[in-house]
Every structure is written in C-alpha cells, then in structure tokens.
Amino acid sequence: MKQELEQTLSKIVTELFDVTVAVEFTRPDEQFGDYATNIALQLSKQLGKNPREIAEALAAKLRDDSFMRIQSAEVAGPGFINLRLTDEALKQSAQAGFGDLHAGKRILLEYSCPNAFKELHTGHLYQTVAGDAIGKILEATGAQVYRANFGGDVGLHVAKCLYGIAQTIGGELPSKLSEVPEQSRAEWLSKAYVQGATAYEADAAAKSQIIEINNAVYLFHTMPDHESDLAQIYWTCRQWSYDYFKAFYERIEVAPFDKYYPESTTAEPGLKVVREHMGTVFAQSDGAVVYKGEDAGLHTRVYITSKGLPTYETKDTGVIYEEVADYSYDKRVIMTGNDQSEYMKVVFAALHAIDAELADKQYHITNGTVRFGNGEKMSSRLGNVTRAVDVLREVQNTVAAERPEAEAAEVALAAVKYSFLKHRLGGDIAFDIQESVSLEGNSGPYLQYAHARARSVLAKATASADDTQELTADERSLLRKLSEYGETVAKAADELMPHHICTYLYELAQAFNKFYEANRVVGNEREAIRVWLVGRYADILQNGLSLLGITAPDRM
RNA sequence: GCACCCGUAGCUCAGCUGGAUAGAGCGUUGGCUUGCGGAGCCAAAGGUCGUAGGUUCGAAUCCUGUCGGGUGCACCA
C-alpha cells in the first residue's frame, strides 16, 4: 500500500510539475492520519513556489484517486500532506505481504563463524541469533538465502590448543583422547586452548614449539596426513568441534547452515588469487606479501607471511571465491564483530582492485560486543569468557519455576533471542540476565504471552471472522497498527536490521492490550469484526516472532 | 599520531535517508483488581538529545571543531 501510494503521488508530481521525484510516505502521529509526506516542502525550493500551494494541488489530485483508497487528503502545518485511508484500504493493507524487495535474489549470508577447537561464547550466541533472524527476514522478502559458516580450523589458535592438549594428556598420545567424556569435550578443548595460549605468552620455548605445530597443521591439509600422532589428535578434536557446533545450533533452534567453509579449504583458493595478482594488486614487502591499502585511504595488510603462510586476509578472500563458485550469489552479506570493520574494508578494497563486480556484491554488517552488568568485555584468551551454554542454562533456570521443562526451554530461548534482537545491530549491547528473562515489558516472553492470550480469545469466540462491518474508532486504531506490519518487515529486510520488527511487535501488542482493555470481543454484538482483528493480530505476532526465530505457542 | 564506531530520562534502549508537542521498558509515585488469560491498562514525575558553532523555512537526525568512551592500524584470527 505504501509503495503504491508513493508511486501514485510520484506520477502526480510529474504530471503537475514536470519533475521526477521519489516520494516517501511516513507513518505520522495517529491524529494526522495514516500516511504523511513532506514532498511539497521538498519541492518548494526547486519549483520556487509556496509549499502549501504545492501541497494543495497534490492533495486535490489524491482525492480523485480512482482506486478508492483515500478517504481524505489534508494539507497541514507548513505543507505536509496527510492521508487517511478508507477502512477498506486499511484492511487490505493489514493483509498485505512484504513486497518484492529481494524477489529472485540469491543472497549468501555468512555469520556465526566460530573457530574449531574453541568454545562458543556469548558473542557467538548473539551473532548466531542475529544472523538467523536476518536470514529469515531476507527469505520473507523473497530471497533465496544460503547460510555459510566460515571458521578457523587452522592457525595459531589451533596450534595453541594442540600444545595444551599434549600438555594435558602427557604427550602426543591420540589413544588418550578416548578418556575424555563425550559431553565435556568442548570444555576440555577450551581448557587446553587457554593452557596453550598462556604458555605462548609466558614461555619462549613453548612459543617456538607452538609455531612449529602451526606449520605442521597446515601440512596435514596440503600433504594429507591422518596417520601421525599429532594428525590423529588434530582430526579427532576438529570433528569434536564440528559435532559440538551442530548440537548447539540445534539446541537454540536456528536454521542449519548450508555449508561450512573451514579455513583450511579456503587458504589454497585464496593463495591462488593472491599469486595471480602479484605485482599488480599485491606486493612484496619485508619478505611478506601485502596489499597496500594506503592508496585507498586505508592501511596495509599482510596476505602471506614472510614464512609463506596465508593469513586470515587470504583465507577470507578465498572464501569469497569459494562461495560465489558454489552459489553464484547476487549479494553476499558477512557479519562479524564491529572490531573488524576497518580490516574488512581493506579486504574489500583489495578485492575491488582484482574484481570490481564481485567486490560490489559484498556487504559487511557488524554486531557489537556483549557486555555484562559491570561493563566488562569478555576474552577467550584470558579464559574469562561467559560461555553460551552458561547463559542459556542461567536463563532457563530462572524461568523454570512452576513450569514444565519443555515450556521453560521455549520461554528461555524467546527471552534470550529477543533481548539480543531488540537492539539495533552494530553497537555494543548490555546483557543483564535478570532483565533479559523478565517476563514484563519489552521482552520475548511478553510477546509470546500476548499471542497465547489472543489465541485463547479466538478459541472462545462463536462468531466467525468477518471484516465487512464499519469500524469504531478503537477498532480502526488497532487496524492502523496492524497495517504497518508489511512495511516494517520490508524495512528490516532492506536495512538488515531485525530490531525494527521487535519494536513494531511490541508497539502492536501495546496497541492491542489497550484495545482489549476497553473493548469486549466474545459475546459482543461486534464480535465478528473483532474476531477478525484479533485473528490478524495473532497471526502477525506469530509470523513476526517466527522471523526472529522465536516460537509462538498457543498456550503457556 | 591516523582512522572507524558510540555519547538521547536515574538505568537499558528506540527514534538518525532533516520535518508537526523527543518515545518505550525497567525503576519511582498514584489509580484500575469477582479480568473474553492483569505477563495487562490508565495517570504522574523525570530529557537545554555530551558540548560549541555551521547549513536550512525547519536539526536528536547533515557538516566542522571540541570533550568523553570504545575499537582498529604488517606478518594473530
């Protein structure tokens, strides 16, 4: 409806004033109407005319709208045009889809991206939840979404972990691995990693040994080795990590990944690209191969170390090529922590010098750090990580009182996911367990409850849904809010910002509660139309929550 | 030193492609409590939108300076 109105008015402007403009309608305060535009104010200078005159001329044309959508078009203030839709048009709008923003588009979405040999911490949980929601929102607007998980299965962090493992089990003894209980494998690896990382910092001998292990691990891939003692430990523990990731994603009920791209598989294609552009894009410098970003106003980054090993830059370039080969995407969206935004600019700049068309398909979005009450940042290197499983357990324990276990799990997931998603993506977020599990106010459980309550009303209704009646002021007010759903999802998809949906759903629930407080549904003479409204409300809540990866049980 | 991000009510945050009296939750104070599920609703208090300029008919929103916080700047990922 919004899009159609914008196109209509845009045509009118061209007819009347012979200029081409993109008209934008916004949702004003309810007192002003259903839609508003300031297009007359914008045109005023360009046309050298009084904005109110322009607005009056446009409003007059809008009143003649042949589609019977507009009940009134008023000029207000300095030159706003306020539209009020007919009830019919508003009802249609409340049932409209999300637009065709991404229809037919193939979008590759890369997120979560944990490193093998490490535990998942709260940051991973946040990014996984956010990435999952973005994927669902893109799909809702017509995109074919491919979910990719790019993680480090080679590199110094792996070597540190392997070193720690050898220390823990008393040498490179693969047979000892069977003594590690299956359910504590991830934690065991994490402890080994911390041990290795600590030794790397404190002990020069350990450091050089770890560097040797790092070289050896690369060779396990390039000259396949599954037999040597260290290789056996490596491959076994690597698989432990992937099993653990998969189990975790299932537990938090996010969409499965279409493909994992371990860094070991992206190093070669990355190196190939770098070598092909030596001397043109990349240059030798102090024995290393670098891209000099200064030319693009950025900084220099190393692609191949002086020891000949590919860095993350090379692997990250490699994965771009692997993914486009697999899915021939129109657009690639990669999500990382916001500390990598400068880094990613350099990688994209280098890619632009290699293949501008491919570089133009790249979009980098970032998520902030999860901070806890005291403002401390987490660091896996220091071992003071708040593990994702701990957060989940803590939240679930808090909501578990007097509630069946299955339901507690549903509510806990809703609480955690919503408390992450309601913030605008990009900035750091404060995570307060007590607040996140709060069932009151702007929370996931509040919306789940609101949905269950609406379903309960519908179950009691005897009249069948019927939207043919004229509307009362309160009914229309609720319908107006319902009609904003489609454009809200379109906006969230366009900006890759799930929080718009959270904000909207919460406002919608408030609008409904306000309506419900003063207007009887079941047994009322207006039951049919109200049942229709409640039905739309429940459906929108359910659908909106599903886009956030949150379930909407009928009872709770 | 250079670059990027952030600074809105006591706290946590929306609002930021410039527009009509700056919004919400939590917390505080008061009211609604035999309700179709009160996990709710109504009301009050609380903000010179870090700060100083600039652009504009109009700035929380754009630009510049400045202060404060965070992050990143070659062989880690």
Side-chain angles (χ1 to χ4, degrees), chain A residues 22 24 26 28-29 31-32 36 38 41-42 44-45 51 76-80 82 113 115 151-152 154-158 160 200 214 263 285-293 297-309 311-313 315-316 336-343 345-346 366 368-369 371 373 375 377 381 419 422-424 426-432 434-435 438-443 445-450 452-461 495 499-500 502-503 506-507 509-510 512-524 527 530 534 555-556:
Chain A
E24 186 118 9
T26 58
D29 240 43
Q31 54 172 314
F32 297 121
N38 60 5
L41 292 158
Q42 289 177 42
S44 160
K45 179 164 282 184
F80 297 106
N82 292 327
C113 300
N115 283 331
V154 289
L156 212 51
H157 74 278
V158 176
K160 287 173 182 172
Y200 186 87
N214 190 26
E263 279 177 23
S285 175
D286 294 338
V289 175
V290 304
Y291 169 73
K292 291 197 159 73
L298 303 164
H299 60 274
T300 293
R301 301 215 57 114
V302 172
Y303 276 67
I304 304 175
T305 69
S306 51
K307 294 200 173 66
L309 292 176
T311 61
Y312 189 59
E313 288 79 343
K315 298 167 195 165
D316 221 345
T336 73
N338 55 15
D339 53 351
Q340 294 192 19
S341 35
E342 295 293 284
Y343 156 80
K345 280 182 194 167
V346 180
T366 64
T369 310
R371 287 174 193 282
K377 189 185 165 183
R381 195 172 48 82
S419 70
K422 73 177 177 181
H423 297 111
R424 185 183 188 85
D428 291 352
I429 63 169
F431 186 75
D432 183 318
Q434 284 315 309
E435 195 186 305
S438 164
L439 309 181
E440 296 169 2
N442 191 359
S443 74
Y446 169 94
L447 293 175
Q448 283 184 317
Y449 180 81
R453 188 154 77 132
R455 291 289 176 212
S456 162
V457 173
L458 291 171
K460 285 201 172 69
E495 297 180 11
H499 80 284
H500 288 308
C502 295
T503 306
Y506 184 62
E507 286 171 3
Q510 284 187 130
F512 178 82
N513 284 334
K514 191 171 180 155
F515 170 84
Y516 186 74
E517 200 77 15
N519 297 276
R520 178 98 198 165
V521 176
V522 177
N524 187 277
E527 181 170 328
R530 289 180 179 177
V534 177
R555 23 187 6 161
M556 52 191 294

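We name chains A, B, ... by the order of the sequence lines, and we start the count at 1 in each one. What you see below is based on every heavy atom in this structure, not just the backbone, and it leaves out hydrogens, waters and symmetry mates.
Here A:N38 lies in heavy-atom contact (under 4.0 Å) with a base. A:L309 comes within 4.0 angstrom of no nucleic acid atom, judged by non-hydrogen atoms across all strands. Nucleic acid contact for A:D286: base, since at least one base atom lies under 4.0 Å from a heavy atom of the residue. Counting non-hydrogen atoms under 4.0 angstrom, A:A518 reaches nothing in the nucleic acid. At the heavy-atom level, A:E24 lies under 4.0 Å from base atoms of the strands shown. Contacts of A:N519 with the nucleic acid, taken as non-hydrogen atoms under 4.0 Å apart, include base atoms. The residue A:K315 sits close only to the backbone: its heavy atoms come under 4.0 Å of sugar-phosphate atoms, none of a base.
Checked against B:U12, B:A74, B:G40, the side chain of A:V290 finds its nearest nucleotide in B:A74. Here the side chain of A:D339 is nearest to one of B:U71, B:A77, B:C36, namely B:U71. Closest to the side chain of A:Y516, from the set B:G40, B:C36, B:U12, is B:C36. The side chain of A:E517 approaches B:G40 more closely than any other nucleotide in the set B:G15, B:U21, B:G40. With distances taken from any side-chain atom of A:Y506 to the nucleotides B:A24, B:G72, B:C36, the minimum falls on B:A24. You'll find that the side chain of A:H299 is closest to B:G72, out of B:U12, B:A77, B:G72. Comparing atom distances between the A:K514 side chain and each of B:A77, B:C42, B:G72 picks out B:C42 as nearest. Residue A:Q510 places its side chain closer to B:G25 than to any other of B:G37, B:U21, B:G25. Taking every side-chain heavy atom of A:P445 into account, B:A39 is the closest of B:C41, B:G35, B:A39. Taking only side-chain atoms of A:F32, from C-beta outward, the nucleotide of B:U12, B:A74, B:U21 with the closest atom is B:U21.
If you check B:U28 for Watson-Crick or wobble pairing at under 3.5 angstrom, you find it paired to B:A44. Taking a pair to require two hydrogen-bonding distances under 3.5 Å in either a Watson-Crick or a G-U wobble arrangement, B:U64 pairs with B:A52. Figure legend. B:C57 is base-paired to B:G19; pairs are counted as Watson-Crick or G-U wobble with both atom distances under 3.5 Å. Checking B:C36 for Watson-Crick or G-U wobble geometry (two distances, each under 3.5 Å) identifies no partner in any strand. Under the Watson-Crick or G-U wobble criterion, with both distances below 3.5 Å, B:A14 has no partner in any strand shown. Pairing for B:C73 is with B:G1, a Watson-Crick or G-U wobble pair whose two hydrogen-bonding atom distances lie under 3.5 Å.
Rounded to the nearest Å, the gap between the P atom of B:A43 and that of B:C63 is 38 Å. Taking atom P on both nucleotides, B:U21 is separated from B:A60 by 11 Å, rounded to a whole Å.
The aromatic ring of A:F80 stacks onto the base of B:A20, its centre lying under 5.5 Å from the centre of the six-membered base ring with the two planes under 30° apart.
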What do the steps show when you test A:T311 against A:R301 for side chain to side chain contact (heavy atoms under 4.5 Å, CB included), and what is the final call? CA-CA 9 Å; A:T311 61; A:R301 301 215 57 114; over 6 Å; no

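Spacing between atom CD of A:E507 and atom C1' of B:G23 amounts to 9 Å, rounded to whole angstrom units. Counting to the nearest Å, the P atom of B:A74 and the CD atom of A:E342 are 12 Å from each other. Between A:H500 atom NE2 and B:G15 atom C1' the separation is 10 Å, expressed in whole Å. Straight-line distance from the CD atom of A:E440 to the C1' atom of B:U12: 15 Å, rounded to whole Å. For the pair A:Y449 OH and B:C41 C1', the interatomic distance rounds to 13 Å; values are reported in whole Å.
Under a 3.5 Å cut-off, the side chain of A:D316 and the backbone N or O of A:Y312 do not form any donor-acceptor pair. A:K422 places a side-chain N or O within donor-acceptor distance of the main-chain N or O of A:N442, the cut-off being under 3.5 Å. Proximity of a side-chain donor or acceptor of A:R555 to a complementary backbone N or O of A:S456 within less than 3.5 Å is not detected.
Taking the six-membered ring where tryptophan is involved, the planes of A:Y516 and A:F512 are essentially parallel, since the angle between them stays under 30° and well short of 60°.
In summary, A:E517 and A:K514 do not engage in a salt bridge, as defined by a charged side-chain N under 4.0 Å from a carboxylate O.
Side-chain to base pairing of A:T311 with B:A74: no donor and acceptor N or O lie closer than 3.5 Å to each other.
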